[in-house]
Amino acid sequence: MPYWLMKSEPDEFSIQNLERLGTSRWDGVRNYQARNFLRQMLEGDRFFFYHSSCATPGIAGIGSIQRTAYPDPTALDPDSPYRDARATEAKNPWSAVDVAFVERFDSTLTLARLKAEPALAQMPLVHKGNRLSVMPVSESEWRAILAMR
DNA sequence: GCCAACGTTGGC
DNA sequence: GCCAACGTTGGC
């Protein structure tokens, strides 16, 4: 089963929010490469929940895919900041998935620590300038990160 | 199809 | 708040 990493700004949606809710829609992805990864996700896949653009960026926990990709309703919602004027009901280019809470780490596994781990050197996440918000994680990377908790 | 300009991401 | 890096847009 594939593994993933997804970024969210905790001010918008955090692992604590997901823990409280249990499940949530993961929407608002507006990058084609990230969207294509969303579409590859299978029910039951697990992902690292990454907090970005905050005081302590890093992996804050784990979630799982509860529902595979479907058209992202926020693209059609005039009140949503993720609205895409080019999207229509018949032709919506964007996808969302539903996710479920799995685990919250005792403390955030910081980007600084991830960067310092040789086993993770291949991850796009630790490379300067990387902006991909949804990315695959190899099984060896997944295990290395779990061991760092 | 090239590429400059622009807007956004995200660490610091 | 700054700014480097990147993806997207649009003129040509």
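Proteins get letters first, then strands, A, B, ... in listed order; numbering begins at 1 in each.
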Separation of atom [atom1] in [X] from atom [atom2] in [N], rounded to whole Å:
| X | N | atom1 | atom2 | result |
| --- | --- | --- | --- | --- |
| Asp84(A) | dG7(B) | CG | C1' | 15 Å |
| Tyr82(A) | dG7(B) | OH | P | 20 Å |
| Met135(A) | dG7(C) | CE | P | 12 Å |
| Glu12(A) | dG10(B) | CD | P | 12 Å |
| Leu132(A) | dG7(C) | CG | C1' | 11 Å |
| Gln33(A) | dT9(B) | CD | P | 15 Å |
| Asp11(A) | dG11(B) | CG | C1' | 15 Å |
| Leu111(A) | dG10(B) | CG | P | 11 Å |

Establish, with yes or no, whether the OP1 or OP2 oxygen of [N] is under 4.0 angstrom from a side-chain nitrogen or oxygen of [X].
| X | N | result |
| --- | --- | --- |
| Lys115(A) | dC12(B) | yes |
| Tyr50(A) | dG11(B) | yes |
| Lys128(A) | dG11(B) | no |

**OP:** Flag the pair Glu103(A) and Arg149(A) as a salt bridge only when some basic side-chain nitrogen lies within less than 4.0 angstrom of an acidic carboxylate oxygen.
**Re:**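 Between Arg149(A) and Glu103(A) there is a salt bridge, with a charged N closer than 4.0 Å to a carboxylate O.
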**OP:** Mind checking Arg86(A) for me? I need base, sugar-phosphate or nothing, with any heavy atom below 4.0 Å counting as a touch.
**Re:**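 Sugar-phosphate, no base atom in range.
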Original post:
Looking at Phe49(A), Phe48(A), Trp142(A), which hits side chain to side chain contact (heavy atoms under 4.5 Å, CB included) with Leu5(A)?
Top reply: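 Option passing the side chain to side chain contact (heavy atoms under 4.5 Å, CB included) with Leu5(A): Phe48(A).
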**OP:** Answer with yes or no after comparing the ring centroid distance for Trp94(A) and Tyr32(A) against a 6.0 Å cut-off, counting only values under it.
**Re:**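 Yes, the ring of Trp94(A) comes within the 6.0 Å limit of the ring of Tyr32(A), centre to centre.
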Original post:
When you look at CD of Gln122(A), are more than 12 heavy atoms from neighbouring residues, nucleotides or ligands closer to it than 6.0 Å?
Top reply: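 Not more than 12 within 6.0 Å, no.
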